[in-house]
Number of protein chains: 2
Amino acid sequence: MKIATWNVNSVRTRITHICDWLQANPDVDVLCLQETKVIDADFPHTPFTDLGYQTYIYGQKSYNGVALISRSQLQNIQTGFASVLGDLEDPSLDEQKRLITAKFSDIQIVNMYVPNGSEVGSEKYEYKLRWLKLLKNYLKTLLSQNNDVLICGDFNVAIADLDIYDPKGRENKVMATDIERETLAQVLNLGFKDVFRKFETAGGYYSWWDYRSGGFSRNRGWRIDYHFLTQSLCDRATACVIDVEPRKLTQPSDHTPVIVTID
Amino acid sequence: MKIATWNVNSVRTRITHICDWLQANPDVDVLCLQETKVIDADFPHTPFTDLGYQTYIYGQKSYNGVALISRSQLQNIQTGFASVLGDLEDPSLDEQKRLITAKFSDIQIVNMYVPNGSEVGSEKYEYKLRWLKLLKNYLKTLLSQNNDVLICGDFNVAIADLDIYDPKGRENKVMATDIERETLAQVLNLGFKDVFRKFETAGGYYSWWDYRSGGFSRNRGWRIDYHFLTQSLCDRATACVIDVEPRKLTQPSDHTPVIVTID
DNA sequence: GCGCCAGCTG
DNA sequence: CAGCTGGCGC
C-alpha cells in the first residue's frame, strides 16, 4: 500500500495538478492534503469522486484545512483534537482546522498541518509549541487504541540540519529552532520513526521550496513534510520517496508530495 | 488602412488575446486600446515590439489607461486634455488617464475612454458630463489644426435605442440617458459621423456585453465603442465591422474590437 | 512569490 | 462576473 502527503496550498487552485498526479500515481491508496484553504461547503469533491476516490475533509475559510483522498472507504474519521481528547483546556487549539485521522486497513493515519509559527518568540510561535504539546497527548491516546499509527503532513519543522539547504543561523529561524525540534522530538519519542531516513541518509532532499527567492531552481529547500511511523509499521516500509515533479509545473504548490510504501 | 478600437479591460491580463488578434489581423495599422489598467512603468511593451509594433501609452494604476499600438511610427503624441488645451480650469478632468492622440498619415487619431458615470445623478455621472463638455473644446482645437480627424474608443454612451438590446427604461440607465446622449451629440455635432451606420442600419450589433447576467450568449449587448469620423474621412471609409470573435474566448474582455477601413 | 480576503469599479 | 488594490499569512 502507498500513502502520500502533500501540502497543496489551495485545493481549488491546484485541483488539476492534484488530479493529474493521482492519475499518474494510481497505486497511491490514500493522499493526505494540507492547506486546502476552503470551507467544507466549497470543497471540490467531484474531481476526486469522478476518478474513483472518496473524500474526507476538515476545512475552514482562507487558511489551513486538511483532507483525506482515498481509493477505499476509510473508517472512524475524527477531526481536530477534541474528537479524540474530549473538551480541551485550551479550545483555541482547535479553532484552526489542522488535524484529521482515520483508519485505513490496519493503520491509523493522522494527517496534520502543524502551525508555521510566523516568527520566533511571536504569539503564533507560542501557539505552535502549545499545539505540538497537545499533539503529544492526542497521539498518546491514539497509540493506546491502535497498534500501527502513521502520522504525516506538513510539520513546519526541519528536524535536522541535514534537512535544510543552508542551516547557517538556523537557531534563530522559525521551523529550525532548538525549542521547536525538542518539542517535536517529545512527540516523536512516543515511538515514531522518520521512515524517509530508513532509506536515505544523505542531505539535499527537500519537500518545500519557498516561492520567494526562486529557491527551487537552486534546490534551496527544506524537508518539513514527513511520514512518521510506529516501529512495526516502519519495519514493513519498503520505500519512502519525495516526488519533485509537481514542483516543476507552472503555478505549483510550494510543497511537493512525499510517498511511503508499506508491505 | 485599418484602424481598430478595443477596450481590453487590462492589457496585462489580456496580452495573449491581443497579440493573437493582431497576428490574425495583420492589416490593422493602428490599434487603440482602452482600460489598460497599468502604470507606464509596467506596460508590457515587448509582446508588441516583438510583433513589429510601436507602442504609445498613457496609463495609471488600476483604472483607465489608453494606448496606441501602431505598425508605423506615429507623430505628435499628445496625452490628456491639457496637452492640447493648455492649463485646465478644472484640472480634475485630467487626473484620470483617458485620452491619447497622434497623427497617423494624414489622420489625427483620438483614442479615448469616456468616464462610465456609475449611476445617474452621482458625482461620477456629473464628472462624465463635464468630461464630455471639455472634450468638445478639445476636439474643436484639434479640428482647427487638422482636416481629417478620427475619434474612437469606449464612449460609454449608447447613442440610439437601436444600440441597446433592450432599450426599455433606458432613460434612467447610465450610458443611455437623454442628457448623456445630448451631451455627446454636442460633441459629434462638430462634424463627426458614426461610420458604422454608413454600412449598417439594423440593430442587434453590439460591442460590449456585461460580464454579469451572461449577456453575451444571448446577445444582450450595447454598442458603446465607436469610430466617429469627420465627413471627408467618412466618405473615404469602405467598411466598419465589429469583430465578435475575441468575446468568445475564455477569459475575454467584456468589449470586442471595432475596425474601420479607410481608402 | 503566491495563495487568501474584503472592498472598489464597471 | 471579472478586473483592480491592499493587507494578511507563510
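All figures in this text were calculated on a predicted structure; none of them were measured in a lab. Every chain is numbered from 1 and lettered A, B, ... according to where its sequence line falls, protein lines coming before strand lines.
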Tyr125(A) atom OH is separated from dC10(D) atom C1', nearest whole Å, by 16 Å
Distance-only, no hydrogens or angles: does the Thr5(A) side chain make a donor-acceptor pair with backbone N or O of Pro257(A) under 3.5 Å?
-> no
Provide, to the nearest angstrom, the distance between the CG atom belonging to Asn116(B) and the P atom belonging to dC4(D).
-> 17 Å
His17(A) atom NE2 is separated from dC2(C) atom P, nearest whole Å, by 11 Å
Rounded to whole Å, the CD1-P distance (Ile15(A) to dC4(C)) equals 13 Å
In terms of the angle between their ring planes, are Tyr206(B) and Tyr165(B) parallel, tilted or perpendicular, with boundaries placed at 30° and 60°?
-> perpendicular
State, without any angle test, whether Thr183(A) and Gln186(A) hold a side-chain donor-acceptor pair at a distance under 3.5 Å.
-> no
In whole angstrom, what separates Asp42(B)'s CG from dG3(D)'s P?
-> 18 Å
Give a yes/no on whether any side-chain N or O of Ser10(B) is located under 4.0 angstrom from OP1 or OP2 of dC4(D).
-> yes
For the pair His45(B) (side chain) and Tyr56(B) (backbone), establish whether a donor and an acceptor sit closer than 3.5 Å, ignoring hydrogens and angles.
-> no
Name the nucleic acid region contacted by Phe216(B), choosing base, sugar-phosphate or nothing; use a 4.0 angstrom heavy-atom cut-off, strictly under.
-> nothing
Using a cut-off of less than 4.0 Å, is there contact between a side-chain N or O of Lys124(A) and OP1 or OP2 of dG9(D)?
-> yes
Determine: side-chain N/O of Gln251(A) to OP1/OP2 of dG3(C), distance under 4.0 Å, yes or no.
-> yes
Which of these nucleotides, dC1(D), dG3(C), dG3(D), is closest to any side-chain atom of Thr13(B)?
-> dG3(D)
Closest listed nucleotide, where the reference is the side chain of Asn9(B) and the choices are dC4(C), dG10(C), dG3(D) = dG3(D)
Closest to the Arg212(B) side chain, choosing from dG10(C), dC4(D), dC10(D) = dG10(C)
Given dC8(C), is OP1 or OP2 found less than 4.0 Å from the side-chain N or O atoms of Ser62(B)?
-> no
Expressed in angstrom and rounded to an integer, what is the separation of Lys37(B) atom NZ from dC8(C) atom P?
-> 16 Å
Residues of residues 161-176 of chain B with a heavy atom under 4.0 Å from any atom of DNA chain D, listed by number, are none
Rounded to the nearest angstrom, tell me the gap between atom CD in Glu35(B) and atom P in dG10(C).
-> 8 Å
Take Glu95(B) and Ser92(B), measure what side-chain hydrogen bond (donor to acceptor under 3.5 Å, both in side chains) needs, and give me the verdict at the end.
-> CA-CA 5 Å; Glu95(B) 277 169 9; Ser92(B) 77; 5.3 Å; no
Greater than 12 external heavy atoms within 6.0 Å of Glu126(A)'s CD = yes
Which nucleotide sits closest to the side chain of Tyr211(B): dG3(D), dG3(C), dA2(D)?
-> dA2(D)
Should we count OH of Tyr205(A) as having more than 12 external heavy atoms under 6.0 Å?
-> no
dC5(C), dG10(C), dG6(D): which one has an atom nearest the side-chain heavy atoms of Arg12(A)?
-> dC5(C)
According to the interplanar angle, ranging from 0 to 90°, do the rings of Tyr226(B) and Phe228(B) count as parallel (below 30°), tilted (30 to 60°) or perpendicular (above 60°)?
-> parallel
Is any side-chain nitrogen or oxygen of Lys61(B) closer than 4.0 Å to OP1 or OP2 of dG6(D)?
-> yes
Between OH of Tyr113(B) and C1' of dG3(D) the distance, given in whole Å, is 11 Å
N or O in side chain of Arg14(A) less than 4.0 angstrom from dC2(C) OP1/OP2 | no
Candidates dG3(D), dG9(D), dG10(C) - which lies nearest the side chain of Arg98(B) | dG10(C)
